[in-house]
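Single-structure report; data block below.
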Amino acid sequence: MTRLYLAHQLCNHTIVLFAFSILWQLASPYAMAADTLPALKNDVAPQSVLEMWEGFDPRAEALDVEILKEWEQDEIILRVVRFHIGIFKGAKAKLAAVYGFPKSADDANEKLPGLLQIHGGGQYADYKACLAGAKRGYAVVSIAWAGRISAPEYRVSPNEVQLFWDSKQDDPNYRVTTDWGAVDGYHAPSRNAGNQFPSAKAADWTLDSVESPRNSGWFLCALAARRALTFLERQPEVDPNRLGVYGHSMGGKLTVMTAIDPRVKAAAPSCGGISDRDNKSQLFAQTIGDGNSLKRISCPIIFLSPSNDFHGRIDDLPASVAEIKSKQWRVTCSPHHNHQDTPEYEVATMLWMDQHLKASFRFPQTPETKLQLKTEKGTPRIVVVPDNSRKIASVDVFYTTQGSDDESMQDTMTRFWQHAKPTPVGDAWQADLPLTETDKPLWVFANVLCELDEPVSGVGYYYGDYTSNTLNLSSLIAKVSAADLAKAGVRAAIEPSLVIEDFQEDWKKEWFSYRANDWSQSTHKLHAAQFKAPKDVKLSLTLQADEPNKFIILLDEYAAELNLPGGAAEREFSLAPSDFKNHAGEPLPSWQQVRRLKLTHSERLRPARGQTGQPKLVGGNWKGSPPQLKLLRWSESKD
């Protein structure tokens, strides 16, 4: 009897537990819920963008927003939040973000346009983007797809992300952040050591068990970004019909992937989203590759593409513009820059949003260009017709014969662009393009710098503050093959030159700097055929400095330190390759392989790849007014 009684009681207890479990599951919105994405049919992966997104509704699941921190700064409400992304392989995933909007929006009847900001690789979701955007009348969410967050008293660096992964809640630095659950959408670092972010191959941490675009971190993060649009449109202060998206680098590609969402009314990718087309995996190329998403973009879009960017290449812009459905597009291309910009280019993002989400600004039209190859002197000529609806500060033309469709990343980043100063001819501007060599393709584009009615402030690619009084618009790059140059009778018109720079008039147009308050300048001139070093020469620089200082000439990773005595007299320094040393103290082998030359007052030399050691500082802080640069040239060696 005792055994029968115990069995009966155990059976009743099991029934009660089972019933309680059922009731809990019914009460929870995610308990027993199906995965966000449908399972593959017969293990066949999606073969197109449409198939990749098939079955996903970014609005279907509850957001379950958590507020992790809230504060007020400069009349802006700022929050660190986290919300539900989806359910993958039976596990919930949550996205952390920073969100900000003007405090006055609480009392205003008119709702705000919303902006989604997507950070790049190694970057953070940053409150500065939300603060700056909110000051311009937007509600802004900056998503932490990699888990990293930068906010006052809520900083999540890779160390804190690791603490989160390890569930070390007792650590004082522990912070709640993005949780991808059973999949891995993290990057730099990824949670799983073997996770190659762009890959579509199957692994333990991927959604599908076969090669599939849904396995790629690109897809997961774009899905999270589309959920962030849902977060934005459901905020009480946001107008759901006025949403924009922008991002830099990896965030640029994610911007393009997100902009296919019909809720996006304006997009601004920088340094990405136009060039990822040649993945070795055919499946990846036909689904995740940039061209596939570009073909489905119908919203107004502006591409911020520096001329030497390794991730979003300027020569891919014509194809990208041809692929999009939208007729409202612009491009802005800074010469010589790689993966970062200066204010007159960065400001395009906010002004683009102002035009299409607030109707408070109007962009001039894209400059029209016409390239003439057959001329009386055999020198190509370009005619530029700018839109004069805004006062034009300058028109500039940049061209190169160092472009190639299959160039290396290093070649892309160090390509030299010659500057041509056009002259006005009626409503147009005209410039000749003399060449040193005609057996290589010619690439050329025009920049038109327009004056703004008032200064515009914001934060740039890497969250640094900027203010700009001008806006740059570019033409699409024109590319002419060497065969077409020969067919048109184009002839070389420039001889190699011993004078590298005379520092006269517009000399800075062929140099570049990312810091407006620093006189340092860099150039890729030594990489060009016109300025290649002859045999047995020295590099000579003539300059003058009012006070004693150290002056640095940097050739790639090799530095020469000059001691300037100061005073009114000009000084000439003549240097051999052996005068330039790298971090290890090794001399520059020769002039021939140099790609970048920099004139500056200080530089940190870093160990070469594979070597160890701390960075070494050469030079130091500059005293007095900037140096007066007089002449940079190749001079006869007297050794």
Side-chain angles (χ1 to χ4, degrees), residues 305-309 313-318 331-338 345 366-386 394-405 407 411-425 428-449 472-497 500-501 505-512 522-532 595-596:
S305 297
S307 68
N308 287 11
D309 192 72
R313 302 193 177 189
I314 189 173
D315 49 307
D316 287 328
L317 274 176
V331 301
T332 182
C333 306
S334 54
H336 322 302
H337 290 183
N338 170 39
Y345 305 95
T366 296
E368 297 179 11
T369 59
K370 182 178 181 180
L371 193 58
Q372 301 172 351
L373 298 181
K374 293 185 177 182
T375 64
E376 58 279 5
K377 295 182 179 180
T379 298
R381 179 178 299 129
I382 189 171
V383 177
V384 184
V385 182
S394 66
V395 177
D396 296 287
V397 172
F398 297 93
Y399 64 106
T400 185
T401 54
Q402 293 185 330
S404 170
D405 292 334
E407 64 193 0
D411 287 337
T412 297
M413 295 188 297
T414 58
R415 187 191 299 124
F416 174 62
W417 294 86
Q418 283 183 260
H419 171 251
K421 185 177 181 179
T423 56
V425 181
W429 298 68
Q430 181 176 293
D432 288 342
L433 311 175
L435 304 179
T436 305
E437 49 196 352
T438 59
D439 59 344
K440 296 180 180 179
L442 169 65
W443 292 5
V444 57
F445 69 97
N447 276 352
V448 176
L449 195 65
N472 180 83
L473 285 176
S474 302
S475 68
L476 282 177
I477 186 172
K479 299 189 291 183
V480 183
S481 68
D484 285 341
L485 292 176
K487 185 178 179 180
V490 172
R491 300 187 294 272
I494 302 179
E495 296 291 334
S497 173
I500 301 167
E501 190 58 75
E505 296 181 356
D506 288 335
W507 69 272
K508 287 187 178 180
K509 299 288 188 180
E510 294 182 342
W511 295 64
F512 64 99
S522 299
T523 187
H524 298 122
K525 276 193 164 190
L526 299 193
H527 184 40
Q530 182 183 354
F531 304 107
K532 282 287 187 181
R595 290 173 176 265
R596 179 180 178 184

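Start at 1 with the first residue, then count along the sequence. Predicted model only: the values in this text are computed from it and were never measured.
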Next item on the list: Report the C-alpha distance between Asn308 and Thr414 in whole Å, list the side-chain angles of each, state the deciding distance to 0.1 Å, and finish with yes or no for side chain to side chain contact (heavy atoms under 4.5 Å, CB included).
Entry: CA-CA 7 Å; Asn308 287 11; Thr414 58; 5.7 Å; no

Checklist line | Polar side chain donor-acceptor pair, Gln402 to Trp443, under 3.5 angstrom | finding: no

Item checked: Residue list, side chain to side chain donor-acceptor pair (under 3.5 Å) with Lys440, at least two apart or on another chain -> none

Next item on the list: Verify whether one side chain among Asp309 and Ser307 offers a donor that lies under 3.5 Å from an acceptor in the other.
Entry: no

Next item on the list: Taking all non-hydrogen atoms of both residues into account, name the closest pair between Ala529 and Pro496 and its distance.
Entry: O-CB, 4.5 Å

Check: So how far is it from Glu510 CD to Thr523 OG1, rounded to the nearest 0.5 Å?
Finding: 7.0 Å

Checklist line | Interatomic spacing from CG in Leu433 to CG in Leu373 - rounded to 0.5 Å | finding: 9.5 Å

Item checked: Any side-chain heavy-atom pair of His337 and Phe512 under 4.5 Å -> yes

Notebook entry, point to check: Considering only heavy atoms from C-beta outward, does the side chain of Val480 approach that of Leu371 to under 4.5 Å?
Noted result: yes

Checklist line | Worked verdict on Gln372 versus Val383 for side chain to side chain contact (heavy atoms under 4.5 Å, CB included) | finding: CA-CA 8 Å; Gln372 301 172 351; Val383 177; 3.8 Å; yes

Margin query: Less than 4.5 Å apart, side chain to side chain, heavy atoms only: is that true for Asp432 and Lys377?
Written below: no

Notebook entry, point to check: Taking NZ, NE, NH1 and NH2 as the nitrogens, is one of them in Asp405 or Lys479 under 4.0 Å from a carboxylate oxygen of the other?
Noted result: yes

Check: Looking at Phe416, is Lys525 sitting on its ring face, NZ or CZ under 6.0 Å from the six-membered ring centre and within 45 degrees of the normal?
Finding: no

Notebook entry, point to check: Mind checking whether Pro380 and Leu442 have side chains closer than 4.5 Å, heavy atoms only?
Noted result: yes

Margin query: Nearest 0.5 Å, please: how far is CZ in Arg415 from OG in Ser404?
Written below: 9.0 Å

Margin query: Regarding His524 and Arg596, do their side chains bring together a donor and an acceptor under 3.5 Å, going by distance alone?
Written below: no

Check: Sub-3.5 Å donor-acceptor pair from the side chain of Thr375 to the main-chain atoms of Gly378, do we have one?
Finding: yes

Margin query: Quick check against the 3.5 Å criterion: does Ser474 have a side-chain atom that pairs as donor or acceptor with the backbone of Cys333?
Written below: yes

Margin query: With rounding to the nearest 0.5 angstrom, report the CG to CG distance, Asn472 to Leu449.
Written below: 6.0 Å

Check: How many angstroms lie between atom CZ of Phe531 and atom CG of Leu526, to the nearest 0.5 angstrom?
Finding: 9.0 Å

Check: Of the options Lys374, Glu376, Lys370, which is the one that meets Arg381 in a side chain to side chain contact (heavy atoms under 4.5 Å, CB included)?
Finding: Glu376

Item checked: Derivation of the side chain to side chain contact (heavy atoms under 4.5 Å, CB included) call for Thr369 and Phe445 -> CA-CA 8 Å; Thr369 59; Phe445 69 97; over 6 Å; no

Margin query: Please determine whether side chain to side chain contact (heavy atoms under 4.5 Å, CB included) holds for the pair Phe398 and Gln418, giving the CA-CA distance in whole Å, both sets of side-chain angles, and the decisive distance to 0.1 Å.
Written below: CA-CA 5 Å; Phe398 297 93; Gln418 283 183 260; over 6 Å; no

Checklist line | Identified side chain to side chain contact (heavy atoms under 4.5 Å, CB included) partner of Val331 from the options Leu473, Ile314, Leu317 | finding: Leu317

Next item on the list: Report the C-alpha separation of His419 and Tyr399 in whole Å, then their side-chain angles, then the decisive distance to 0.1 Å, and conclude whether the ring-ring contact (aromatic ring centres under 6.0 Å, His included) test is met.
Entry: CA-CA 7 Å; His419 171 251; Tyr399 64 106; 9.1 Å; no

Check: What's the spacing between Asp439 CG and Thr401 OG1 if we round to 0.5 Å?
Finding: 8.0 Å

Item checked: Within-4.5 Å side-chain heavy-atom neighbours: Asn447 and Pro335 -> yes

Margin query: Quick one, Val444 and Ile477 - any side-chain contact, counting heavy atoms below 4.5 Å?
Written below: no

Note to self: Between Thr379 and Arg491, do the side chains contain a donor N or O and an acceptor N or O under 3.5 Å apart?
What the structure shows: no

Margin query: Between the side chains of Asp396 and Lys421, is the shortest nitrogen-to-carboxylate-oxygen separation below 4.0 Å, so that they form an ion pair?
Written below: no

Checklist line | Test item: side-chain donor near acceptor, Ser497 and Gln530, under 3.5 Å | finding: no

Next item on the list: Please answer whether the main-chain N or O of Glu368 pairs with a side-chain N or O of Ser475 as donor and acceptor at a distance below 3.5 Å.
Entry: no

Next item on the list: Answer whether the closest heavy-atom distance between the side chains of His336 and Trp417 falls below 4.5 Å.
Entry: yes

